[in-house]
Amino acid sequence: MLKRDEWLHLARKLDWNYSFVQEKDIFPEVISGHPWLPHAEWQDWDEAFKNSYREYVENQYEKDMSVFAVRDAVGRLEDIEKLNPAWVNGLKIHAAGLALAEFTGSIGNLRGARFGRDSAWRTMAGFGALDEFRHTQIPLLLYHQLVRWDPQFDWAHLFYHTNNWFAIAARHFFDELTLGQNAIEFHIATNFILETGFTNLQFVGLASLAHNANDRIFEKMVTSIQTDEARHAQIGHSVLTTVMKHDPEYAQYLVDKWFWRNWRLFSIITGTSMDYLTDLEQRPSSFKEFTEEWIIDQFLITLEEFGLKKPWYWDTFIDELDVYHHMVYASAYTYRSTLWFNCVLPGPAERKWLREKYPKYWNELDAVWERLAEQWRVVGPGEHNEAAVHATAMPTFCDLCQLPLSAGTPSRNAANVLDYNGSNYIFCSEPCRWIFLREPDRYANHQELVKRVLSGEAPASMSELVTDYFHLTPETWGKDAFAGRYSWLKEKSVPIV
Ligand code: MN
Ligand code: MN
């Protein structure tokens, strides 16, 4: 029998010449991606981790068994019930936002497995598709038992099947990133930007918070998933090397576009979980500190290795680090009944910590929290007073990222308008406007929530919107996790300096 070294190179590089059809017909540019190059330009495509299918299956089996062992030991319902309520609500954001998004990663990888331009790339993408199935199945399996305890966990599966405003934004992102994407853009945007640039926030940062929060099963899940991501993320690096050689301007565009789009997603999902939905004593660092370490330090080194520049809007991004996810969390709290998880009102100790970590704009942000605290003081605690401490006006949404216009600061919103082909568009930020103008045909026809209301597709009343269009019920819509019962609220407000 042949030894592994004798046959693996034959199995992973299995390309041939076509006699009945043109290469361009088998790998059309519209689905294989730009730049279109003959196979000769891709034949040196190489991956760092060389795997056979047999090895792949054996490894994955071991990893699954070790996740199940942790689940059996510390992942039962009674273990989850002991977790801090704020943290449990962070889990609901992750379960809903990421489980089915991982499934879309399978579709993107399958596109690479068919339309990737070299056989080794296609084989690796096949493994990547199997990885992403696993990343869908593990959270759905682990969180399913929690549905009977807390129906908001049903949103792990339901979320992407609703027209909830955040689901519209998340679908807009993942439809473009994975489901409807050509192989080259998919692998650069997903492997290189999302998996190399951003997921360390989850896999290292959030895993360490999970450890502190005593959530061993979440920690185990994300670290197990990370071992797959580290392997298949390598596909993107090899694809980017060839694109850089033939069209560096396009490579830079993809980096600039996808860095911004990922920043929006991760600042919301990870930023709010780290800085608001983790117990104060369990936070080793702030979201900003994690971002500085894992994105600003690590990712910039990677960009330099490829000869890429940092995105043109870097100063805007750095400025947003101090404020964007705070604006988003304040909006989420104020509109919590439009979401599927509960929010926590930050108290004096949290606000003191946030002021230390985010001095730049905290004065303005703190005033928002003081106003909300004062509203609870006036009406008193209790579920029946939820509506009295809640916004009622319809927010406006960005025509690119589909998120509320929450960029800038409370006193200086960064929203800007555009007249394009006789229609009006509004953007939360300059980078969102810039992405729209680079590919208007791709984005101009998508309707954000307010346009859906105006066209009659979505109901105009806030309560009907929440129940009929967002699919929320009194059981599942978001509330204050403590219904305003905070011991510190009884004290008269004292300015925190
Ligand atoms: Mn994944
Ligand atoms: Mn992945």
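For the residue pair Asn164/Trp340, the side-chain donor-acceptor check at 3.5 Å is not satisfied. A donor atom on one side chain and an acceptor atom on the other are found under 3.5 Å apart for Asp228 and His135. Side chains of Glu320 and Trp263: a donor-acceptor N/O pair is present below 3.5 angstrom, by distance only. Remark: the Arg171 side chain and the Thr104 side chain contain no N/O donor-acceptor pair separated by less than 3.5 Å. A donor-acceptor pair shorter than 3.5 Å cannot be found between the side chains of Glu229 and Thr199.
Atom CG of Leu472 sits about 12.0 Å away from atom OG of Ser463, to the nearest 0.5 Å. Distance check, rounded to the nearest 0.5 Å: NZ of Lys92 to OH of Tyr143 gives 11.5 Å. One finds the CD atom of Glu448 at 10.5 Å from the OH atom of Tyr425 (value rounded to the nearest 0.5 Å). Atom-to-atom distance recorded for Ser331:OG and Leu339:CG is 10.0 Å, nearest 0.5 angstrom. The CH2 atom of Trp362 sits 7.5 Å away from the CZ atom of Arg351 when rounded to the nearest 0.5 Å.
When atom types are taken as modelled, the side chain of Ser106 and the backbone of Phe133 share a donor-acceptor pair closer than 3.5 angstrom. In this structure a side-chain-to-backbone donor-acceptor pair under 3.5 Å is present from Thr278 to Ser273. Not one N or O on the side chain of Arg71 forms a donor-acceptor pair closer than 3.5 Å with the backbone of Leu142. Counting only distance, with no hydrogens or angles, the side chain of Asp366 and the backbone of Arg355 share no donor-acceptor pair below 3.5 Å. In terms of modelled atom types and a separation under 3.5 Å, the side chain of Glu364 and the main chain of Ser411 share a donor-acceptor contact. At distances below 3.5 Å, not a single donor-acceptor pair connects side-chain atoms of Gln181 with backbone N or O atoms of Thr178.
Judged by the 6.0 Å and 45° rule, Arg438 forms no cation-pi pair with Tyr443. Figure legend: cation-pi geometry between Arg111 and Phe186 absent, as NZ or CZ is not positioned both under 6.0 Å from the six-membered ring centre and within 45° of its axis.
Aromatic rings of Trp258 and Phe198 (six-membered ring for Trp) have centroids beyond the 6.0 Å cut-off, not under it. Ring centroid separation for the pair Trp434 and Trp312 comes in under the 6.0 Å cut-off.
Ring-plane geometry between Phe166 and Phe159 is classed as tilted, the angle between the planes lying from 30 to 60 degrees on a 0 to 90 degree scale. Between His326 and Tyr358, the ring planes lie perpendicular to each other; the angle is over 60°, past the 30° to 60° tilted range. Ring geometry, Phe218 versus His94: the interplanar angle exceeds 60°, so the pair is classed perpendicular (tilted spans 30 to 60°). Ring orientation note: the planes of Tyr486 and Phe482 are nearly perpendicular, at an angle over 60° on the 30°/60° scale. The aromatic rings of Phe174 and Tyr160 sit perpendicular to each other, their planes meeting at more than 60°, with 30° as the lower class boundary.
Ion pair Asp275/Lys357 not flagged as a salt bridge, since none of the NZ, NE, NH1 or NH2 atoms sits closer than 4.0 Å to an Asp/Glu carboxylate oxygen. Between Glu374 and Arg371 there is no salt bridge, since no side-chain N of the basic residue sits under 4.0 Å from a carboxylate O of the acidic one. The pair Asp79-Arg76 meets the salt-bridge criterion, since a charged nitrogen lies less than 4.0 angstrom from a carboxylate oxygen.
Partner of His232 under the side-chain hydrogen bond (donor to acceptor under 3.5 Å, both in side chains) criterion, chosen from Thr190, Asn109, Asn191, Asp131: Asp131. Among the candidates Trp369, Phe341, Tyr276, the single residue satisfying the ring pair (Phe, Tyr, Trp, His ring centres under 6.0 Å) test with Tyr333 is Trp369.
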Verdict with reasoning, Arg442 to Glu185, per salt bridge (Lys or Arg N to Asp or Glu O under 4.0 Å)
CA-CA 14 Å; Arg442 181 172 270 195; Glu185 186 167 346; 3.7 Å; yes
Step by step, work out the salt bridge (Lys or Arg N to Asp or Glu O under 4.0 Å) result for Lys82 and Glu78.
CA-CA 7 Å; Lys82 286 184 206 138; Glu78 56 264 40; over 6 Å; no
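Using a 4.5 Å heavy-atom threshold, the side chains of Val255 and Ile193 count as touching. Side-chain atoms of Trp294 and Phe203, non-hydrogen and from C-beta on, never get closer than 4.5 Å to each other. No side-chain heavy atom of His34 sits less than 4.5 Å from a side-chain heavy atom of Ile184. Using a 4.5 Å cut-off on side-chain heavy atoms (C-beta onward), Pro311 and Leu303 make contact. Side chains of Met221 and Ile217 form no contact here, defined as non-hydrogen atoms less than 4.5 Å apart. Here the side chains of Cys401 and His172 are not in contact, with every heavy-atom distance at 4.5 Å or above.
Residue pairs meeting the side-chain hydrogen bond (donor to acceptor under 3.5 Å, both in side chains) criterion with at least one partner in residues 379-390, sequence neighbours excluded, are Arg336-Glu386, Ser337-His390, Glu383-Arg485.
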